[in-house]
Amino acid sequence: MNAEGGKGGAVPAIEVEGLSFSYPGGTRVLDGLAWEVPAGAFMLLVGATGSGKTTLLRSCKPEIAPAGERSGSIRAFGVPLEEWSAAESAAGIGFVSQSPGNQIVCDRVWHELAFGLENIGLPQPAMRRRVAEVAHFFGIGPLMDRATCDLSGGQQQLVNLAAVLALQPRLLLLDEPTAQLDPVAEKNFLHALFRINRELGITVVVSTHAPETMVDYASGCTELAGSVAHAAPLDRFRAAASGSPQVGKLRKLLRAQAAAGEDVPAAGAPAGAAPAGTVTASRRLSPVILSGGGRKPAAVEGSCAPAGAAPSGAPAVPVAASGVPAVALSDVRFRYAKDAPEVLRGCDLQVARGSVHAVVGGNGSGKSTLLNLVAGVLRPERGRVRNGLAARQVLLPQDPKALFVCDTVRDELAEWRDRCGYGDADIAQVVERFCLRGLEGRHPYDLSGGQQQRLAWAKVLLTDPELLLMDEPTKGLDAPSRMQSARTLLECAREGRTVVMVTHDLMFAALAADEVSLLFDGEITCTEPAEEFFAGNLFYRPVFDGLARLLVEGAGGAEGAAGAESAADGEGAEGAAGRRGAASAESAAGAEDAEGAAGAGRAGTGGAGCARGATGAESAAGAAGGSSC
């Protein structure tokens, strides 16, 4: 049946009636859902992590509909989806996923843009015209001859959108499309979506945890909660977005609430309420993560004790006295090929021990490259990288799926148990902390993007790292999950752990980081305390979003904010310095020079975390997101 048949101007773009869905062996995600999207709308789809947003969007695209038990009906422009031919669906319904690397199938950007057009049999002249048109529209002409694997996550997302738009769909579904875009690229991306919607009449549906940045473009919003889709007023997000966040007050609120042991409410729950399964902030991190409780002795093969660690009972040398940073880059230069332009040119960076350090910058500026250089996954062309904690580091990659090699969540969390010495009790604690209860039997690939991110957090923290290297750690997380993540990083810093994260989540960086560095033109242009960094920026400034709103609501509004400000006055630069001074200097003795090649610190690299005693091959496998710890 032709997809145009029977479609009138008043026919909704999407009609969902009685939709129920369960993943194999899992609990029901959707139950009798009813939902309608008017033709020509710019619709936002919001809801808590795991509420079924991705499942719903994928169910509206027949080629990628998730496998499982399904009932109910879905119509697109009045036609049941099962009556759309493959060619009609490919051209008529576009989809942009939240993991851009998973959607790209070709080696070069120009080939990726042409791939869909080739598959629907478009004549070559028309194909070339469409490719040129969308490349110019999105300003990706300079990327046309680039290898897709060399693009940043944000650049890959722009290529994905351009490739989908080249097919000229009537309905465009986007799942967290701006999660990996810098603030400027995000504005440009959303403006392009707005033009696609208004000028071309394409219906746009965007699933997001950041409606505040999109509210001015949207015509409506649907909130998904408990398998019920109901209209959410845009003014609710517009009022939040218009606020001017006071970073200093919000930072103190976060620290005061964490110190007071207040609960992190689930999305949509009233502030102060602790739903079943919510872990209260008063529960500290598992001993396996922060204090080494229950660990095997360092002499036991396969344990995760740091190479060169002081013997048990030996007095620790205060780090403040040693003055040695955890990570130091000096005049680092790097390129991916001899004939390629330099990604980093003369990059200098120092990260204090026991601190949370954020690196921000534009898409393609080299943030992930810098993180991989610190981890030892890449080696500098020139310059020096010193990592004093390389024997006890962990790398959380931008795509959490790079860490997943098992068939169930339970097996994923237990994968490194023997090598790293943690037990079932430790796994149970991270399951509670990261809200994974009830998901243990699910395949990691059947989880939502936010649930996958939480699983990745839980898995890497079980390795008891001294250095956490995190690439977009809040991608796909809702506000309560971001707050829990921020508290986790603060707890890690208080225990002397060091965190280096690259992120586009400016509010998260403003609240959780001690210092923030801006990467531009291959160099660190500035490094400042977080509050000072965000004070006078035009573009790199946080928006008052769901995380900020959750903090203020938890404090009881303005009165709570004022009280929290005075209660947390002791925290700030002095507090951060105190946390840094609390860290032991045992890993300072293990400082490694990246140019010195293959010491124990080199073996310790990898997305899987600790690799004491690992061979070079095991380290390489771990660095790729593999399974050795």
Side-chain angles (χ1 to χ4, degrees), residues 3 12-16 19 21 29-30 35 37 39 41-47 52-68 70 74-77 79-82 84-106 112-120 130 134 138 148 153-154 156-181 189-190 192-193 196-197 200-209 214 222 224 399 401 445-450 452 475-476:
I14 300 176
E15 292 175 276
V16 176
L19 180 63
F21 182 83
V29 180
L30 302 175
W35 183 44
V37 178
F42 191 123
M43 182 67 66
L44 304 183
L45 182 62
V46 301
K53 301 185 300 298
T54 298
T55 300
L56 177 58
L57 287 187
R58 289 180 60 194
S59 296
C60 295
K61 177 69 172 168
E63 296 86 347
I64 58 172
R70 180 185 293 101
I74 303 178
R75 292 173 172 264
F77 299 102
V79 181
L81 285 185
E82 54 268 21
W84 286 64
S85 69
E88 290 169 339
S89 177
I93 304 176
F95 187 91
V96 177
S97 74
Q98 59 185 320
S99 300
N102 294 340
Q103 190 166 347
I104 289 178
V105 296
C106 297
E112 182 68 27
L113 298 184
F115 181 76
L117 304 176
E118 292 171 342
N119 279 270
I120 63 173
R130 288 198 193 182
V134 296
F138 288 103
T148 52
Q156 288 179 340
Q157 195 69 299
L158 289 174
V159 170
N160 281 335
L161 180 60
V164 169
L165 188 60
L167 292 164
Q168 298 182 355
R170 299 184 63 198
L171 172 63
L172 184 57
L173 309 172
L174 304 102
D175 192 3
E176 290 284 349
T178 62
Q180 298 188 56
L181 298 183
F189 185 94
L190 292 175
L193 279 184
I196 289 169
N197 173 249
L200 305 180
I202 296 174
T203 303
V204 175
V205 181
V206 184
S207 166
T208 182
H209 286 303
M214 305 183 187
T222 299
L224 194 59
D399 183 1
K401 289 182 180 178
Y445 281 34
D446 287 339
L447 303 179
S448 72
Q452 289 177 346
K475 183 183 68 173

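Keep in mind that what you see is a predicted model, and the values were worked out from it rather than measured. Counting begins at 1 with the first residue of the sequence.
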Exercise: identify the closest heavy-atom pair between Ile120 and Ala90: CG2-CB, 4.4 Å

Rounded distance (nearest 0.5 Å) linking atom OG1 of Thr203 with atom CG of Leu172: 9.5 Å

Distance (rounded to the nearest 0.5 Å) between Leu44 CG and Ser207 OG: 9.5 Å

Worked check of side chain to side chain contact (heavy atoms under 4.5 Å, CB included) between Val206 and Met43: CA-CA 6 Å; Val206 184; Met43 182 67 66; over 6 Å; no

Min side-chain heavy-atom separation Leu193-Leu161 under 4.5 Å: yes

Shortest non-hydrogen separation from Phe21 to Ala67 and the atoms involved: CZ-O, 3.4 Å

Taking every non-hydrogen atom, the tightest pair across Glu112 and Cys106: OE1-N, 2.9 Å

Pairwise distance CG(Leu190) to OG1(Thr208) - rounded to 0.5 angstrom: 8.5 Å

Side chain to side chain, Leu81 and Arg75, heavy atoms closer than 4.5 Å: no

Min side-chain heavy-atom separation Lys53-Ser448 under 4.5 Å: no

Derivation of the side chain to side chain contact (heavy atoms under 4.5 Å, CB included) call for Leu224 and Val46: CA-CA 6 Å; Leu224 194 59; Val46 301; over 6 Å; no

Where Ala76 and Trp84 come nearest, the two heavy atoms and their spacing: O-CZ2, 3.3 Å

Minimum heavy-atom distance Gln157-Glu176, with the two atoms named: NE2-O, 4.0 Å

Under 3.5 Å side-chain donor-acceptor pair for Ser89 and Glu63: yes

Spacing of CG belonging to Asp399 relative to CD belonging to Gln452, to within rounding of 0.5 Å: 7.5 Å

Donor-acceptor under 3.5 Å (Thr178 side chain, Leu181 main chain): no

Ser97 and Asp175 side chains, donor-acceptor separation under 3.5 Å: no

Worked verdict on Asn160 versus Ile104 for side chain to side chain contact (heavy atoms under 4.5 Å, CB included): CA-CA 7 Å; Asn160 281 335; Ile104 289 178; 3.3 Å; yes

Among Ile93, Val37, Ile14, Val205, side chain to side chain contact (heavy atoms under 4.5 Å, CB included) partner for Cys60: Ile14

Student check: side-chain heavy atoms of Pro66 and Asp446 closer than 4.5 Å: no

Side-chain donor/acceptor of Gln156 to backbone N/O of Pro100, under 3.5 Å: no

Side-chain heavy atoms of Leu173 within contact of Val96, under 4.5 Å: no

Closest contact, heavy atoms only, Ala162 versus Leu113: CB-CD2, 3.7 Å

Non-hydrogen side-chain atoms of Thr148 and Val105 separated by less than 4.5 Å: no

Residue pair Leu19 / Trp35, side-chain heavy-atom distance below 4.5 Å: no

Sub-4.5 Å side-chain heavy-atom contact between Ile202 and Arg170: no

Gap separating the CZ atom of Phe95 from the CD1 atom of Ile64, nearest 0.5 angstrom: 4.0 Å

Test side chain to side chain contact (heavy atoms under 4.5 Å, CB included) applied to Val164 and Gln103, step by step: CA-CA 11 Å; Val164 169; Gln103 190 166 347; 3.9 Å; yes

